[in-house]
K.L.:
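Below are the structure tokens for one structure; questions will follow.
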Amino acid sequence: MELNELERIRCEKIQQMRDSGFEPYPTRTEVTSTTADAIKAFENAEKAGNPETLTAVLGGRLRAVRLMGKLAFAHIEDGSGRIQLFFRVNELGEAEMQRFKDHFDLGDFIQAGGDLVRTRTGEVSLLVRNFKMLAKAITPLPAAKDEVVDGQVVRHATLSDPETRYRQRYADLAVNQEVRQIFRTRAAVVRALRQFLDSRGFLEVETPILQPIYGGAAAKPFVTHHNQLKQDLYLRISFELYLKRLTVGGFDRVYEIGRDFRNEGVSYKHNPEFTQLEFYWAYADYLKVMEMTEEMIAYVCDSVFGTRKLTYDGVELDFNPPWQRVNLRQSLIEKANIDISLYPTAEALEEMMVSLGMKVKPGEARGKLIAQLLEEFVEPTLVQPTFMVDYPRDISPLAKNLPGDPSTVERFEGFVCGMELCNAFTELNDPLEQEKRFLEMGRDYKAGDEEQHPMDEDYLKAMSYGMPPQGGFGMGIDRLVMLLTDQKNIREVLLFPPLRERDDQ
RNA sequence: GGGCGCGUAGCUCAAUGGCAGAGCAGCGGCCUUUUAAGCCGUUGGUUGAGGGUUCGAUCCCCUCCGCGCUCACCA
């Protein structure tokens with residue numbers, strides 16, 4: 001570890017501490033409560049009229065120190081919050097005051113015992129009678145000072161360089177409490193989703209991440225290799241095919257929350273690994289799933305924020321059911337003045353799009369062209385929570401046809417702020433039809449190259465035993481958290497976003 | 001992968017071809033109710049790396065590394 005000047009000074013302090021008999025990294029602590037509990041206890045004691053008897057031993061990280069000669073103020077921070085420490089020569093004596101000044105720096109974890117009091121300015125504080133180092137910090141935390149002006153917290157010179165924040169997330173978290181809050185919220189969101197699904201009789205399961213055949217979505221997989229099996233394996237790109245196998249096995253309602261991996265580009269809303277929620281609900285269809293989606297998101301809003309109206313990028317979003325529903329074909333008529341039913345073939349649609357000056361990949365499937373139109377004309381306009389309903393069959397090989405319309409499937413996607421949040425459909429459960437669809441998608445019975453999705457014969461086998469009719473659902477948790485925490489980049493809701501390894505020496 | 005931009009002290013930022021600076025942090029003092037504490041003094045730099053132009057480069061040019069935004073890719 002290469003040390004800069006500040007770090008060398010702190011290492012010398014470690015040596016000084018040891019020389020004078022103080023352990024900089026003791027094994028035990030004597031902490032009796034969190035800072036928040038101590039403050040709460042003091043306030044309760046005040047109400048009861050006997051605050052002068054309250055003592056505590058508190059632990060935390062030194063975040064601010066104000067030395068004032070014969071006294072000193074400091075703030076320590078733990079997972080529950082902050083409290084002010086009040087050091088005074090009256091209680092401690094000259095030698096202990098000096099020891100505090102000599103050995104302790106911002107960023108150190110310390111323990112302090114004493115009496116809870118209110119200082120002259122009214123802040124609940126610990127009047128320190130004894131203190132010890134819990135863990136000496138060598139590297140100074142990035143300087144961050146908060147000033148309260150008219151009730152607003154003004155931040156001075158905080159760690160803000162995104163590269164450093166992501167590479168050293170520990171420092172980012174240690175210094176930027178609003179970053180910590182995002183991940184607390186994220187945990188609360190996931191917890192609420194589990195509560196909601198559990199309460200509706202869904203069984204949480206875990207399916208393989210390493211898979212011999214990937215599927216359930218259109219994406220390039222990551223490939224890995226199992227040495228003993230002498231077999232290449234793929235990191236899953238979705239949970240879908242395994243979860244639906246479970247409905248064959250008799251689990252009528254299953255869900256999984258976990259990581260998907262897609263070997264594709266990174267953007268503000270894409271990360272190569274991301275957290276997905278999928279559930280499958282036997283005897284339901286996409287209409288029921290739509291309603292459940294609305295209720296589920298509302299439940300998350302209620303239990304995490306206590307409100308269903310949240311601001312994203314300055315816009316108030318209303319997550320109260322029901323969401324707006326727009327028919328895919330109708331939305332294109334309204335937003336782009338294009339009726340796709342007038343262009344029944346890919347060729348006709350392509351020709352029309354080219355005539356509009358759009359860049360079109362020649363020979364693209366009709367469904368893909370429609371998806372392109374949606375992205376261009378419709379999706380950016382879907383700001384309030386909206387379901388887009390009824391998708392082209394040829395981009396939805398696992399979804400069931402709309403009755404009486406062989407070119408359209410029962411599928412919806414949920415959009416908020418122009419971003420796709422979830423994707424769901426009435427699941428195709430006809431094994432012969434499913435096989436046909438796979439073949440239409442150009443799949444071979446043999447595993448081909450990475451680009452080609454191999455036929456999953458075992459999935460067809462499962463379906464051939466009889467698969468209950470069901471609605472299925474998938475949602476990107478990272479995106480949901482982005483929306484709920486007003487973050488514009490997916491990295492802000494990932495603890496350790498991927499960054500290229502640095503090549504410097 | 002393409003385009004645009006950025007990289008200067010531990011952190012946040014100045015400096016534009018002419019001695020590389022400030023605030024905070026640090027270090028040394030003063031200070032018994034502070035909270036961005038204050039006051040006096042002071043240390044700290046391979047200006048991302050390498051090459052080029054120039055009497056002289058943080059600044060101009062080239063290459064590389066990293067990051068950001070954006071476009072493309074993305075059933």
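Just so we're on the same page: letters track the sequence lines, and every chain starts at 1.
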K.L.:
Set out, line by line, the N/O atom pairs under 3.5 Å between protein and nucleotides 70-74 of chain B.
P.N.:
unit_1, atom_1, unit_2, atom_2, d
B:C74, OP1, A:Lys361, NZ, 3.1
B:C74, O2', A:Glu264, OE1, 2.7
B:C74, O2', A:Glu264, OE2, 3.1
B:C74, O2, A:His270, NE2, 3.3

K.L.:
Are OP1 or OP2 of B:C67 and a side-chain N or O of A:Arg167 less than 4.0 angstrom apart?
P.N.:
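True: A:Arg167 side-chain N/O within range (under 4.0 Å) of B:C67 OP1/OP2.
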K.L.:
With rounding to the closest Å, how many angstrom separate the C1' atoms on B:U54 and B:U42?
P.N.:
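Nearest-Å result for B:U54 against B:U42 at atom C1': 37 Å.
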K.L.:
Go ahead and name the base partner of B:C73; Watson-Crick or wobble counts if both distances stay under 3.5 Å, otherwise write none.
P.N.:
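When the pairing criteria are applied, nothing turns out to pair with B:C73, so the answer is none.
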K.L.:
From CD of A:Glu379 over to C1' of B:A75, roughly how many Å is that when rounded to an integer?
P.N.:
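Atom CD in A:Glu379 sits about 13 Å away from atom C1' in B:A75.
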K.L.:
Look through every strand shown and name the nucleotide pairing with B:A36 as Watson-Crick or G-U wobble, where both distances are under 3.5 Å.
P.N.:
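Across any shown strand, B:A36 pairs with none.
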K.L.:
Round to a whole Å and report the spacing from CZ of A:Arg366 to P of B:A75.
P.N.:
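Value for this atom pair: 18 Å.
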K.L.:
Please check if any side-chain donor atom of A:Glu278 sits under 3.5 Å from a side-chain acceptor atom of A:Tyr280, or the reverse.
P.N.:
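A donor-acceptor contact under 3.5 Å links the two side chains.
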K.L.:
When you measure from the side chain of A:Leu67, which nucleotide among B:C67, B:C11, B:C31 comes out closest?
P.N.:
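Selected nucleotide: B:C31.
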K.L.:
With a 3.5 angstrom cut-off on both distances, give the Watson-Crick or G-U wobble partner of B:C60, or none if there isn't one.
P.N.:
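Its partner is B:G52.
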K.L.:
Under 4.0 Å, counting only non-hydrogen atoms across every strand here, what does A:Thr119 touch: a base, just sugar-phosphate, or nothing?
P.N.:
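Result for A:Thr119 = base.
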K.L.:
So which heavy atom on A:Ala371 is nearest to which on A:Ile395, and how close?
P.N.:
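Result for this residue pair: CB-CD1, 4.4 Å.
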K.L.:
Which whole number of Å gives the distance between the C1' atom of B:U58 and that of B:G1?
P.N.:
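Comparing C1' positions in B:U58 and B:G1 gives a spacing of 31 Å.
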K.L.:
Within this structure, what is the CZ-to-C1' distance between A:Phe73 and B:C31, rounded to whole angstrom?
P.N.:
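Answer to the nearest Å: 12 Å.
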K.L.:
Enumerate all atom pairs, one protein N or O and one N or O from nucleotides 26-29 of chain B, separated by less than 3.5 Å.
P.N.:
unit_1, atom_1, unit_2, atom_2, d
B:C27, OP1, A:Lys13, NZ, 2.5

K.L.:
State whether A:Asn423 places a side-chain N or O below 4.0 Å from either non-bridging phosphate oxygen (OP1 or OP2) of B:A75.
P.N.:
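Answer is no, no contact under 4.0 Å.
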K.L.:
Taking only the C1' atom of each, what is the distance from B:C62 to B:G41 in whole angstrom?
P.N.:
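After rounding to an integer number of Å, I get 46 Å for this pair.
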K.L.:
Ignoring the backbone of A:Gln84, work out which of B:U34, B:U32, B:C31 is nearest its side chain.
P.N.:
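Side chain of A:Gln84 sits closest to B:U34.
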K.L.:
Can you list everything that forms a ring pair (Phe, Tyr, Trp, His ring centres under 6.0 Å) with A:Tyr286? Sequence neighbours excluded, please.
P.N.:
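For A:Tyr286, no residue satisfies ring pair (Phe, Tyr, Trp, His ring centres under 6.0 Å) once neighbours in sequence are set aside.
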K.L.:
Please answer whether the main-chain N or O of A:Gly472 pairs with a side-chain N or O of A:Glu427 as donor and acceptor at a distance below 3.5 Å.
P.N.:
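Looks like yes, one N/O pair under 3.5 Å.
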K.L.:
Tell me the interatomic distance from A:Leu62, atom CG, to B:U34, atom C1', rounded to whole angstroms.
P.N.:
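Roughly 15 Å, once rounded to whole Å.
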K.L.:
Of the candidate nucleotides B:U34, B:C67, B:C69, which contains the atom at the shortest distance from the side chain of A:Asn489?
P.N.:
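Given the options B:U34, B:C67, B:C69, the side chain of A:Asn489 is closest to B:C69.
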K.L.:
Suppose you measure atom C1' in B:A25 against the same atom in B:C13; what distance do you get, rounded to whole Å?
P.N.:
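Approximately 15 Å lies between the C1' atom of B:A25 and that of B:C13.
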K.L.:
Is a donor from one side chain sitting under 3.5 angstrom from an acceptor on the other, for A:Gln168 and A:Asp172?
P.N.:
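Distance-only check fails for A:Gln168 and A:Asp172.
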K.L.:
Across all strands, who's sitting opposite B:C31 as a Watson-Crick or G-U wobble pair, both distances under 3.5 Å?
P.N.:
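WC or wobble partner does not exist here.
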K.L.:
Would you kindly compare A:Leu71 and A:Asp394 by the position of their nearest RNA chain B nucleotide and give the one closer to the 5′ end?
P.N.:
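Here A:Leu71 is the residue nearer the 5' end.
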K.L.:
What distance, rounded to whole Å, do you find between the two C1' atoms, one in B:A15 and one in B:A20?
P.N.:
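After rounding to an integer number of Å, I get 7 Å for this pair.
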K.L.:
When you measure from the side-chain N and O atoms of A:Arg66 to the phosphate of B:U34, is any distance below 4.0 Å, counting only OP1 and OP2?
P.N.:
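Indeed not, no polar side-chain atom of A:Arg66 lies that close.
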K.L.:
Does the side chain of A:Tyr166 come under 3.5 Å of the side chain of A:Glu492 through a donor N or O and an acceptor N or O?
P.N.:
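Yes.
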K.L.:
Should B:A22 form a Watson-Crick or G-U wobble pair with both distances under 3.5 Å, which nucleotide is its partner?
P.N.:
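B:U12 is the nucleotide pairing with B:A22.
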K.L.:
Can you measure A:Gln168 atom CD to B:C67 atom P for me and round it to whole angstrom units?
P.N.:
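Interatomic distance, CD of A:Gln168 to P of B:C67: 14 Å.
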K.L.:
Looking at every strand, decide which applies to A:Leu398 at a 4.0 Å heavy-atom threshold: base, sugar-phosphate, or nothing.
P.N.:
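Result for A:Leu398 = nothing.
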K.L.:
By ring pair (Phe, Tyr, Trp, His ring centres under 6.0 Å), which residues pair with A:Phe131, not counting sequence neighbours?
P.N.:
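In terms of ring pair (Phe, Tyr, Trp, His ring centres under 6.0 Å), with neighbours along the sequence ignored, A:Phe131 is linked to A:Phe87, A:Phe100, A:Phe104.
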K.L.:
With a 3.5 Å cut-off and no angle check, do the side chains of A:Asp37 and A:Thr35 form a donor-acceptor pair?
P.N.:
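No - no donor-acceptor pair under 3.5 Å links their side chains.
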K.L.:
If you measure from the P atom in B:C40 to the same atom in B:C4, how many Å do you get, rounded?
P.N.:
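My reading of the P atoms in B:C40 and B:C4 gives 48 Å.
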K.L.:
Does atom CD of A:Glu351 have more than 12 heavy-atom neighbours from other groups under 6.0 Å away?
P.N.:
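Count not over threshold, so no.
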K.L.:
Taking 4.0 Å as the cut-off, does a side-chain nitrogen or oxygen of A:Arg500 come that near to OP1 or OP2 on B:C67?
P.N.:
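Answer yes for this pair, as a side-chain N or O of A:Arg500 is under 4.0 Å from OP1 or OP2.
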K.L.:
Hey, could you give me each pair passing side chain to side chain donor-acceptor pair (under 3.5 Å) that has a residue in residues 122-131 of chain A? Not counting sequence neighbours.
P.N.:
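Of all non-adjacent pairs touching residues 122-131 of chain A, those that pass side chain to side chain donor-acceptor pair (under 3.5 Å) are A:His75-A:Glu123, A:Gln84-A:Ser125, A:Asp115-A:Arg129.
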K.L.:
Mind checking who B:G44 pairs with, Watson-Crick or G-U wobble, both distances under 3.5 Å?
P.N.:
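Pairing partner: none.
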K.L.:
Could one point to a donor on the side chain of A:Asp161 or the base of B:U12 with an acceptor on the other under 3.5 Å away?
P.N.:
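Checked by distance alone, the answer is no.
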K.L.:
Tell me which nucleotide, if any, is Watson-Crick or G-U wobble paired with B:C67 when both distances must be under 3.5 Å.
P.N.:
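With both distances under 3.5 Å, B:C67 matches B:G5.
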K.L.:
Can you check the A:Glu163 CD to B:C67 C1' distance for me, whole Å?
P.N.:
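Spelled out: CD on A:Glu163 to C1' on B:C67 is 5 Å.
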K.L.:
Nearest whole Å is fine: how far is B:A75 P from A:Ile395 CD1?
P.N.:
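Those two atoms, CD1 and P, are 9 Å apart.
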K.L.:
Expressed in whole Å, how much space separates the P atoms belonging to B:G5 and B:G44?
P.N.:
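To the nearest whole Å, 36 Å.
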K.L.:
Taking the same atom, C1', in B:C61 and in B:U53, what whole-Å distance lies between them?
P.N.:
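Their C1' atoms lie roughly 7 Å apart.
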K.L.:
Looking at A:Ser160, does any N or O in its side chain come under 4.0 Å of the phosphate oxygens OP1/OP2 on B:U12?
P.N.:
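Indeed, a polar side-chain atom of A:Ser160 lies that close.
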K.L.:
Check A:Lys13 with A:Asp105, please: is the shortest side-chain N to carboxylate O separation under 4.0 Å?
P.N.:
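Result for this pair is yes, salt bridge flagged.
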K.L.:
Looking only at the side chains, is there a donor atom on one of A:Thr207 and A:Glu256 sitting less than 3.5 Å from an acceptor on the other?
P.N.:
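Yes - a donor-acceptor pair under 3.5 Å links their side chains.
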K.L.:
Can you name the residues that form a side-chain contact (heavy atoms from CB on, under 4.5 Å) with A:Met358, not counting sequence neighbours?
P.N.:
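side-chain contact (heavy atoms from CB on, under 4.5 Å) list for A:Met358, sorted by chain: A:Met353, A:Leu356, A:Val360, A:Gln372, A:Leu373, A:Glu376, A:Phe377.
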K.L.:
Starting at CZ of A:Phe100 and ending at C1' of B:U34, how long is that distance when rounded to a whole Å?
P.N.:
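The distance from CZ of A:Phe100 to C1' of B:U34 comes to 13 Å, rounded to the nearest Å.
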